[in-house]
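Start at 1 with the first residue, then count along the sequence. Computed from a prediction, not measured in an experiment: that's the story for all the values here.
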Amino acid sequence: MRLRGTACAAAGLLLAVVTGCTGGAEDGAPAPSPAPARTTGASPSATPTPTPADPVSLPALMRREHTGSGLRLGDVLDRTSAYTRYAVTYEANGLTISGIMNIPEGKGPFPALVLAHGYIDPDVYFSGQGMPREQDRLARSGHVVLHTDYRNHARSDKDPDNDVDLRLGYTEDVIGAALALRNSGRPEIDGDRIGLFGRSMGGGVVYNTLVVAPGLFDAAVAYAPVSARPQENIDHFQRPDGDPLVAEIEEKHGTPDEDPAFWRGVSPLTYADRVSEPLLIQHGTADDTCPLAWSREAAAAFGDAGKDVELRTVPGEGHTFGPRWAAEMDVTEAFFARHLR
């Protein structure tokens with residue numbers, strides 16, 4: 001069922017960083033409380049209090065009432081024969097998030113896509129950076145394209161705890177983007193047809209979003225995604241570079257050996273059974289940034305849970321795709337065309 005107005009989902013999505021981080025968390029939904037026992041001459045026993053989910057976890061994000069609204073078009077950044085590009089802002093769970101939006105020429109409403117970019121150092125990031133080829137092509141094929149900058153990027157509000165909390169806030173920003181599109185009331189946007197497309201770290205955001213807010217999107221694509229296990233992203237990207245953030249993360253949340261429950265709770269693989277949208281994963285066999293094995297594991301986990309998932313391995317392509325990029329975008333567009341009807 002499509003979520004509207006507010007997405008009633010809560011669970012902290014922990015994304016590891018560098019060229020791409022992902023998040024996940026354990027299902028903290030409490031079991032039904034037993035009926036209070038009858039007693040003679042004594043007050044009924046109290047209903048047990050459910051153990052709260054770790055506030056930094058996917059279950060915490062699943063329980064949160066997400067909000068997204070106030071989509072505002074700002075300056076015109078570019079005009080082409082096919083679309084107009086705008087600077088935009090929207091509200092997501094109380095934060096103002098910036099981004100860009102491409103609106104096709106012609107009579108709408110058009111299906112919409114939220115784009116979740118890969119890791120780029122926020123200190124050098126500029127609004128709309130990360131997926132320019134995809135933004136252009138998808139708008140030319142008749143999609144409203146909303147590329148979110150995420151919190152702490154460009155003109156977005158700041159969230160000082162986001163990095164140490166595995167950047168789960170990016171998942172909230174993507175959920176907020178979908179809700180802002182749906183609630184915008186703009187005649188160009190078909191709020192009943194919204195897809196999600198993320199690459200690298202943004203692929204991890206895709207996984208998290210699908211388990212936190214099932215039914216919010218109609219279909220999703222993860223392009224050269226990071227691991228669905230945040231600790232693998234940390235070990236692969238951050239620890240070898242001596243990133244001081246690693247020590248902060250482990251001091252606050254413990255290591256996987258010290259607190260395995262926490263790390264299970266931030267992996268979307270733990271909640272693969274919650275996914276309801278069809279998912280396409282595309283990954284090059286020569287990707288030396290995000291190993292193909294990560295996508296194989298994720299596809300297997302979602303498939304074992306009975307979900308509609310397809311993994312396309314692209315022979316010879318690296319992390320950003322080169323010669324086969326256009327052909328793979330043909331596949332991406334056909335996938336969205338089937339599911340955004």
Side-chain angles (χ1 to χ4, degrees), residues 1-11 13 15 22-25 27 58-59 61-62 64 66 68 92 110-116 134 138 143-148 168 170-182 189-199 201-226 228 267-283 295 297-312 328-329 331-341:
M1 177 179 295
R2 181 72 49 75
L3 303 181
R4 299 176 182 274
T6 58
C8 296
L13 299 169
L15 295 177
T22 183
D27 192 347
L58 291 175
L61 287 185
M62 293 170 194
R64 181 166 189 175
H66 295 277
F110 302 101
L113 297 173
V114 176
L115 268 56
E134 292 81 6
L138 293 167
H143 300 86
V144 170
V145 176
L146 173 54
H147 176 110
T148 177
L168 289 184
Y170 297 163
T171 300
E172 297 182 71
D173 301 337
V174 165
I175 292 171
L179 295 173
L181 285 167
R182 185 157 291 133
I189 300 170
D190 186 341
D192 289 326
R193 294 187 292 164
I194 302 179
L196 175 59
F197 185 13
R199 72 170 313 277
M201 181 187 71
V205 177
V206 167
Y207 293 159
N208 288 344
T209 301
L210 295 184
V211 302
V212 169
L216 179 61
F217 290 92
D218 294 292
V221 173
Y223 185 95
V226 296
S267 170
L269 301 185
T270 306
Y271 310 103
D273 63 324
R274 289 177 54 86
V275 174
S276 62
E277 297 86 345
L279 170 64
L280 170 65
I281 304 172
Q282 294 163 281
H283 210 129
S295 286
E297 181 187 32
F302 291 124
D304 288 347
K307 305 308 172 181
D308 182 357
V309 58
E310 177 188 357
L311 171 61
R312 281 184 59 88
E328 288 307 304
M329 285 301 296
V331 173
T332 298
E333 288 184 358
F335 176 80
F336 281 130
R338 289 196 303 274
H339 297 292
L340 272 63
R341 295 194 266 192

- prompt: Can you find a pair of side-chain heavy atoms, one from Ser295 and one from Ile281, that are under 4.5 Å apart?
  reply: yes
field: Distance (rounded to the nearest 0.5 Å) between Leu279 CG and His339 NE2
entry: 10.0 Å
query: How far apart are the closest heavy atoms of Ala272 and Ala301, and which atoms are they?
result: CB-O, 4.0 Å
message: When you measure from the side chain of Lys307 to the backbone of Pro278, do you find a donor-acceptor pair of N or O atoms at a distance under 3.5 Å?
response: no
query: So, the side chain of Arg193 versus the backbone of Leu340: is there a donor-acceptor pair under 3.5 Å, distance only?
result: yes
query: When rounded to the nearest 0.5 angstrom, what distance separates CG in Leu280 from CZ in Phe336?
result: 8.0 Å
statement: Looking only at heavy atoms, the pair that brings Ala177 and Val114 closest together is CB-CG1, 4.0 Å
message: Which heavy atom of Arg274 sits nearest to which heavy atom of Val212, and what is that distance?
response: NH2-O, 3.3 Å
message: With rounding to the nearest 0.5 angstrom, report the CD to NE2 distance, Glu333 to His143.
response: 6.5 Å
task: Locate the shortest heavy-atom distance separating Ala219 from Phe335; write the atom from each residue and the value.
output: CB-CE2, 3.7 Å
- prompt: Is the shortest heavy-atom distance from the side chain of Leu138 to the side chain of Phe197 under 4.5 Å?
  reply: yes
message: If you apply the rule side chain to side chain contact (heavy atoms under 4.5 Å, CB included), what do you find for Val211 with Val275, and how did you get there?
response: CA-CA 5 Å; Val211 302; Val275 174; 3.8 Å; yes
- prompt: How many angstroms lie between CZ in Phe217 and OG in Ser276, if you round to the nearest 0.5 Å?
  reply: 11.5 Å
message: Is the shortest side-chain heavy-atom distance between Met201 and Tyr170 below 4.5 Å?
response: yes
- prompt: Nearest heavy-atom pair of Leu181 and Ala112: which atoms, and what distance?
  reply: CD1-CB, 4.0 Å
query: Quick one: which of Glu310, Arg312, Glu328 gives a side chain to side chain donor-acceptor pair (under 3.5 Å) with Gln282?
result: Glu328
- request: Using a 4.5 Å cut-off on heavy atoms from C-beta on, say whether the side chain of Pro225 contacts that of His283.
  value: yes
- prompt: Would you say Val174 and Thr148 make side-chain contact, with heavy atoms under 4.5 Å?
  reply: yes
field: Working for side chain to side chain contact (heavy atoms under 4.5 Å, CB included), residues Leu113 and Leu146
entry: CA-CA 6 Å; Leu113 297 173; Leu146 173 54; over 6 Å; no
task: Supply the atom-to-atom distance Asp173 CG to His66 NE2, rounded to the nearest 0.5 angstrom.
output: 11.0 Å
Expected output: side-chain Arg182 to main-chain Gly191 donor-acceptor under 3.5 Å: yes
query: Taking Glu172 for the side chain and Ala92 for the main chain, is one N or O donor matched with an acceptor at less than 3.5 Å?
result: no
message: To the closest 0.5 Å, what do you measure between CD1 (Ile175) and CG (Leu216)?
response: 6.5 Å
